[in-house]
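As the structure is a computational prediction, the values presented were derived from the model and not from experiment. Every chain is numbered from 1 and lettered A, B, ... according to where its sequence line falls, protein lines coming before strand lines.
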Number of protein chains: 2
Amino acid sequence: MTEIDGQVPERFARAREAQSVALLEDYVEMIGDLISELGEARVADIAERMGVAQPTATKAISRLKREGLATARPYRGVFLTEEGADLADRVRARHRTVVELLVAVGVPEEVAELDAEGIEHHVCDETLAAFEAFLKSR
Amino acid sequence: MTEIDGQVPERFARAREAQSVALLEDYVEMIGDLISELGEARVADIAERMGVAQPTATKAISRLKREGLATARPYRGVFLTEEGADLADRVRARHRTVVELLVAVGVPEEVAELDAEGIEHHVCDETLAAFEAFLKSR
DNA sequence: CAAGAAATATAGCAATGGCTATAAGTCGAG
DNA sequence: CTCGACTTATAGCCATTGCTATATTTCTTG
Ligand SMILES: [Mn+2]
Ligand SMILES: [Mn+2]
Ligand SMILES: [Mn+2]
Ligand SMILES: [Mn+2]
């Protein structure tokens, strides 16, 4: 009990915090992808790729704007701020590393891709560094 | 685009589903722990260990009851159904495996414990099996 | 260039998971 | 046995993230 009080609640709090950021991370990464692929990110495309209804995407974009990660011209497109673009790049790189790590320990490619979508948001910088070191040293 | 449409939305939907189950998993695992350690699981202890306010724990317990994972005698304790106890056991084992896997690839013990709390919920059976195989074959 | 079609925004609902404040039940000390 | 302290339940608030229905804007086409 002595070692539990404080540590376990802290652990759960960290997981909750990671979760609240996860949605932002997935949206900025995907908006970045759309801009790269199509030259712009339209709400309809964002919603389709996220697998949600269009108003749900619009609402998420509002949060991105509020948090300084994106801007939008009504009835036009969505754009990433510098901060948003930086985050997108980091998230994309982390996603790849997580998939590679999973594959490296024997997870089938397609399964790794599925699980990584959730796992990635809970991989802290230190863990990410360990993953990269492990991948290099094989 | 051809390979993206359908696959990516599916991936995000899976991560969302995993997330909606995560809270249930953490509660049943922890209630099982409390019953083992203290002989009973009281709302106050559950709330303290989860790091949330007591009414938040009470509300979560309502959901556990609704989903058939727990029962409760008002003003007494919380108990796991057979289904809840089974889930708790599986979740506890998976948690340990995830921590071990992280440590095995070079993540420091304490960091592994922190990240595992979130990661575990996104590790599917197939990935878990791969983790176990990797750990055995070292 | 005017409809009509398509895209986007807005309104409003529900469930979830936080919180504080307070009511109600339990239990132990005197 | 009762009363005060502790525990638990309940009420009611807020934010988030889904949804459908509908209004509004933009775009395209005849
Ligand atoms: Mn993701
Ligand atoms: Mn991702
Ligand atoms: Mn967990
Ligand atoms: Mn756990």
- Query: Thinking salt bridges, do B:Glu40 and B:Arg42 make one under a 4.0 Å N-O criterion?
  - Reply: yes

- Note on the structure: B:Arg63 has its side chain closest, among C:dT16, D:dT8, C:dT8, to C:dT16

Starting at [atom1] of [X] and ending at [atom2] of [N], how long is that distance when rounded to a whole Å?
X       : N      : atom1 : atom2 : answer
B:Leu23 : D:dT17 : CG    : P     : 16 Å
A:Ile46 : D:dG18 : CD1   : P     : 14 Å
A:Leu64 : D:dA15 : CG    : C1'   : 16 Å
B:Glu17 : D:dG18 : CD    : C1'   : 13 Å
A:Glu67 : D:dT16 : CD    : C1'   : 11 Å
A:Glu48 : C:dA6  : CD    : P     : 15 Å
B:Met50 : D:dT8  : CE    : P     : 17 Å

- Report yes or no: does A:Thr127 contribute a side-chain atom to a donor-acceptor pair with the main-chain N or O of A:Val123 at less than 3.5 Å? no

- Query: Of all residues at least two apart in sequence or in a different chain, which pass the side-chain hydrogen bond (donor to acceptor under 3.5 Å, both in side chains) check with B:Gln54?
  - Reply: B:Thr58

- A:His95 vs A:Glu100 side-chain heavy atoms within contact, under 4.5 Å: no

- Is B:Arg66 near enough to C:dA15 that one of its side-chain N or O atoms lies under 4.0 angstrom from OP1 or OP2? no

- Task: Please determine if a side-chain N or O atom of B:Arg16 lies less than 4.0 Å away from the OP1 or OP2 oxygen of D:dT17.
- Result: no

- Are B:Leu80 and B:Leu64 grouped together when hydrophobic residues (ILVMFWY) are joined by side-chain heavy atoms under 4.5 angstrom apart? yes

- Item | Rounded distance (nearest 0.5 Å) linking atom CZ of A:Arg94 with atom CG of A:Asp125 | 8.5 Å

- Query: Under 6.0 Å between ring centres, would you say that holds for B:His122 and A:His122?
  - Reply: yes

- Hey, does B:Ala44 reach any base, or is it just sugar-phosphate, or nothing, if we go heavy atoms under 4.0 Å? sugar-phosphate

Using the 3.5 Å cut-off, write out each protein N or O paired with an N or O of nucleotides 9-14 of chain C and the distance between them.
unit_1: C:dA9; atom_1: O4'; unit_2: A:Tyr75; atom_2: OH; d: 3.3
unit_1: C:dA9; atom_1: N7; unit_2: A:Gln54; atom_2: NE2; d: 2.7
unit_1: C:dA9; atom_1: N6; unit_2: A:Gln54; atom_2: OE1; d: 3.3

